[in-house]
Amino acid sequence: MSVHSRGVKPPLSPDAEALTKAPPVPKYLSAHAKAEWRRIMPQLIARCVITKADLAGVEAYCVAAGAARQIADTMSTGALPDLKLGGLQIRYMQAARQFAAEYGLTPTSRARIGAVQSDDDDEDLTRI
């Protein structure tokens with residue numbers, strides 16, 4: 001019986017060429033996207049998983065997350081929900097979620113890179 005790995009993402013690990021300092025926020029990003037860049041970049045730098053080659057993907061994540069938030073702001077001002085904007089927001093949120101998973105920004109992807117501390121308190125007590 002063969003075991004397939006289709007759809008299984010490889011574990012993330014620190015990269016030898018990881019950035020050690022956050023690059024400046026791209027000027028073309030919207031205000032929401034810039035805020036997202038500033039929020040996530042310190043985490044990515046600390047985990048040593050982001051390289052220069054990854055910056056376009058991080059920008060795309062920030063654009064998608066920023067667009068979803070901007071649409072939410074626009075929709076919150078109207079009395080009736082705009083179904084077209086709602087559909088567009090869902091697509092941006094899906095894209096942002098997929099990018100987030102690629103860079104260890106979701107709970108599951110953080111667990112893959114070992115960024116989450118163990119919740120097993122009994123293990124600590126056995127060492128005392």
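Residue numbers start at 1 and run along the sequence shown.
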Where is the tightest heavy-atom contact between [X] and [Y], given as atom of each residue plus distance?
| X | Y | answer |
| --- | --- | --- |
| Pro23 | Leu19 | CD-CD1, 4.1 Å |
| Ala18 | Cys48 | CB-O, 3.5 Å |
| His32 | Arg69 | ND1-CD, 3.0 Å |
| Ser109 | Ala101 | CB-O, 3.3 Å |
| Leu29 | Ala33 | CB-CB, 3.8 Å |
| Ile40 | Cys62 | CD1-SG, 4.0 Å |

If only side-chain N and O atoms count, and only distance matters, is there a donor-acceptor pair under 3.5 Å linking Asp73 with Ser76?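 Ser76 vs Asp73: no donor-acceptor pair found between side chains.
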
Distance-only polar pair, side chains of Tyr103 and Gln43, donor-acceptor under 3.5 Å: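 Absent: no donor and acceptor within the cut-off.
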
Which one of Lys34, Arg39, Arg38 satisfies the salt bridge (Lys or Arg N to Asp or Glu O under 4.0 Å) criterion with Glu36?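 Filter result, single survivor: Arg39.
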
For the residue pair [X] and [Y], establish whether any side-chain heavy-atom pair is separated by less than 4.5 Å.
| X | Y | answer |
| --- | --- | --- |
| Tyr28 | Val63 | yes |
| Lys21 | Ile45 | no |
| Pro24 | Trp37 | no |
| Asp82 | Thr74 | no |
| Val58 | Met41 | yes |

Cluster overlap Met93 with Phe99, hydrophobic side-chain contacts below 4.5 Å: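 No.
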
Could you give the distance from CG (Asp54) to CD (Glu17), rounded to the nearest 0.5 Å?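 Taking CG in Asp54 and CD in Glu17, the distance rounds to 10.0 Å.
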
Working to the nearest 0.5 Å, report the span between CD of Glu102 and CZ of Arg97.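 Atom-to-atom, Glu102:CD and Arg97:CZ are 11.0 Å apart.
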
Report the hydrophobic cluster partners of Ile71, with the cluster defined as I, L, V, M, F, W, Y residues connected by side-chain heavy atoms closer than 4.5 angstrom, directly or transitively.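 Other cluster members: Met75, Leu85, Leu88, Tyr92.
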
